[in-house]
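Protein chains get the first letters and strands the later ones, always in sequence-line order, with residue 1 at the start of each. Quantities reported herein were computed from a predicted structural model and do not represent experimental measurements.
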There are 2 protein chains.
Amino acid sequence: MQTAPSPSEMAILKVLWHHGPQSAREVQDQIGAAQDWSYSTTRTLLTRMAEKGLIAREAVHGLAVFTATYSKAKVLSAMVRTFSAQVFDLDAPIAASAFAESPLLSADDLAELEGLLNEPTSQGEGA
Amino acid sequence: MQTAPSPSEMAILKVLWHHGPQSAREVQDQIGAAQDWSYSTTRTLLTRMAEKGLIAREAVHGLAVFTATYSKAKVLSAMVRTFSAQVFDLDAPIAASAFAESPLLSADDLAELEGLLNEPTSQGEGA
DNA sequence: ATAACATTGCTACAGATGTAACACGCTCGC
DNA sequence: GCGAGCGTGTTACATCTGTAGCAATGTTAT
């Protein structure tokens with residue numbers, strides 16, 4: 001996960017986390033409208049994300065279906081770490097409770113996030 | 001402050017916040033080495049930031065000196081807002097106390113940040 | 001004066017990101 | 001069998017960001 005997801009990529013990851021593996025068309029139906037992306041744009045993003053390893057592409061009966069490679073907690077914790085280091089020069093972990101209100105996180109997600117944020121050097125492998 | 005500062009730009013802003021108005025050479029002496037930037041690179045960043053309005057350029061006896069346009073709290077609060085919205089779909093404010101440990105923030109800075117984070121739509125004008 | 005050095009403006013180029021069109025082949029309904 | 005539609009690969013282009021060199025001008029010490 002060397003390359004942090006861009007805002008557009010995050011939007012797609014959220015759809016995949018929430019709805020599970022999706023085809024390009026499905027992703028487009030879920031966010032294309034909201035994001036005002038053309039189907040082509042959605043497909044380009046999906047392709048690039050697959051190249052980067054952010055998502056995995058698999059063919060189901062010939063149809064390309066995409067799955068998030070990393071768990072929500074994993075990606076979010078990495079992003080929080082990057083953010084706090086880059087913006088606040090913070091090394092110590094941030095309390096996950098700060099994000100407790102996120103509509104993205106269930107109690108379990110939050111607990112997982114908390115755990116990842118408290119890990120020393122983020123070398124954890126869990127997906 | 002429409003455009004959020006990039007990581008490199010943040011590095012420069014931090015120098016200006018901490019040491020006050022600086023010339024390109026001074027900025028370079030403060031972070032060029034650490035960031036491994038050539039003097040040219042530092043200057044390019046400074047020029048672009050001035051174009052964007054992130055910093056102001058003024059001539060002091062013919063020497064170009066740069067000053068941060070927005071206060072630390074102002075920029076940091078904007079970045080926190082953007083981050084929590086983009087990454088966590090959060091609308092409600094995040095407790096500034098999450099960043100209390102930041103070596104960048106004095107007690108006053110923290111209080112100011114807290115205030116800005118709690119403002120409704122971030123239309124505040126204070127600099 | 002002049003050589004050395006600093007400061008500035010201009011230019012360059014690669015990679016990342018946003019945004020999208022185009023053409024080709026396959027399939028399904030008629 | 002054939003055209004409409006769908007999924008796919010390929011290509012394109014503008015902007016932003018990272019990174020930096022070059023030439024000209026201004027300044028300064030000897």
Side-chain angles (χ1 to χ4, degrees), chain A residues 1-16 21-67 75 78-79 82-83 85-87, chain B residues 1-15 21-67 75 78-79 82-83 86-87:
Chain A
M1 199 165 28
Q2 12 294 34
T3 325
S6 72
S8 303
E9 293 173 338
M10 271 304 291
I12 287 183
L13 285 178
K14 285 175 190 169
V15 171
L16 297 183
Q22 305 268 294
S23 68
R25 180 65 57 187
E26 288 169 326
V27 171
Q28 170 66 8
D29 289 345
Q30 310 251 7
I31 53 168
Q35 298 282 327
D36 197 38
W37 291 337
S38 76
Y39 178 50
S40 267
T41 298
T42 300
R43 276 179 20 80
T44 298
L45 289 173
L46 250 6
T47 300
R48 288 182 183 166
M49 289 173 77
E51 277 165 11
K52 288 187 193 173
L54 279 175
I55 57 180
R57 173 186 188 144
E58 49 183 318
V60 176
H61 301 300
L63 212 207
V65 167
F66 303 88
T67 314
V75 172
M79 292 189 78
T82 299
F83 180 79
Q86 207 148 67
V87 177
Chain B
M1 200 164 30
Q2 12 293 36
T3 326
S6 73
S8 303
E9 293 172 337
M10 271 303 291
I12 287 182
L13 285 178
K14 285 175 190 169
V15 170
Q22 305 269 293
S23 68
R25 179 65 57 187
E26 288 170 326
V27 171
Q28 170 66 7
D29 289 344
Q30 310 251 8
I31 53 169
Q35 299 282 329
D36 198 37
W37 291 338
S38 76
Y39 179 51
S40 267
T41 298
T42 299
R43 275 180 26 79
T44 299
L45 290 173
L46 250 6
T47 300
R48 288 183 184 165
M49 288 172 77
E51 275 165 13
K52 289 187 193 173
L54 279 175
I55 57 180
R57 173 186 186 144
E58 48 184 319
V60 175
H61 299 300
L63 214 208
V65 167
F66 302 88
T67 314
V75 172
M79 293 189 78
T82 300
F83 180 79
Q86 207 148 65
V87 177

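Atoms CD (A/Glu9) and P (C/dT19) sit 12 Å apart, rounded to a whole Å. Atoms OH (A/Tyr39) and C1' (D/dG5) sit 11 Å apart, rounded to a whole Å. Taking atom CG on B/Leu46 and atom P on D/dT19, their separation rounds to 15 Å, with Å as the unit. Taking atom CD on B/Gln35 and atom P on D/dT19, their separation rounds to 9 Å, with Å as the unit. Rounded to whole angstrom, the span from the CD1 atom of B/Ile12 across to the C1' atom of D/dT17 amounts to 12 Å.
Atom CE of A/Met49 and atom CG of A/Leu54 lie 5.0 Å apart (nearest 0.5 Å). The distance from atom CD1 of B/Ile12 to atom CD of B/Gln35, rounded to the nearest 0.5 Å, is 8.5 Å. Taking CD1 of B/Ile55 as the reference point, atom CD of B/Gln22 lies at 11.5 Å (rounded to 0.5 Å). Note that CD of B/Glu9 is 10.5 Å distant from CG of B/Leu46, once rounded to the nearest 0.5 Å. The structure places CZ of B/Phe66 at 12.5 Å from CG of B/Leu13, a figure rounded to the nearest 0.5 Å. In this structure, CZ in B/Arg57 is found 11.0 Å from OG in B/Ser23, a value given to the nearest 0.5 Å.
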| field | A/Thr41 and A/Ser38: CA distance, side-chain angles, deciding distance, side chain to side chain donor-acceptor pair (under 3.5 Å) verdict | value | CA-CA 5 Å; A/Thr41 298; A/Ser38 76; 3.2 Å; yes
| A/Val75 and A/Met10: CA distance, side-chain angles, deciding distance, side chain to side chain contact (heavy atoms under 4.5 Å, CB included) verdict | CA-CA 9 Å; A/Val75 172; A/Met10 271 304 291; 4.2 Å; yes
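A close approach under 4.0 Å does not occur between any side-chain nitrogen or oxygen of B/Ser23 and OP1 or OP2 of C/dT7.
Taking 4.5 Å as the limit, some side-chain heavy atom of A/Met79 sits within range of a side-chain heavy atom of A/Pro5.
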Might you list the N or O atoms of the protein lying below 3.5 Å from N or O atoms in nucleotides 20-27 of chain C, with each pair's distance?
unit_1, atom_1, unit_2, atom_2, d
C/dA20, OP2, A/Ser38, N, 3.4
C/dA20, OP2, A/Thr41, OG1, 3.2
C/dA20, N7, A/Thr44, OG1, 3.2
C/dA20, N6, A/Thr44, OG1, 2.5
C/dA21, N7, A/Ser40, OG, 2.6

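For the pair A/Gln28 (side chain) and A/Arg25 (backbone), a donor-acceptor distance under 3.5 Å is absent. Formation of a donor-acceptor pair under 3.5 Å by the A/Gln30 side chain with backbone atoms of A/Val27 is not found in this model.
Two end axes, each from the C1' atoms of five base pairs, can be drawn for the helix from C/dA1-D/dT30 to C/dC30-D/dG1; they diverge by 10°, to 10 degrees.
Taking every heavy atom of residues 50-64 of chain B and every atom of DNA chain D, pairs under 4.0 Å involve B/Lys52, by number.
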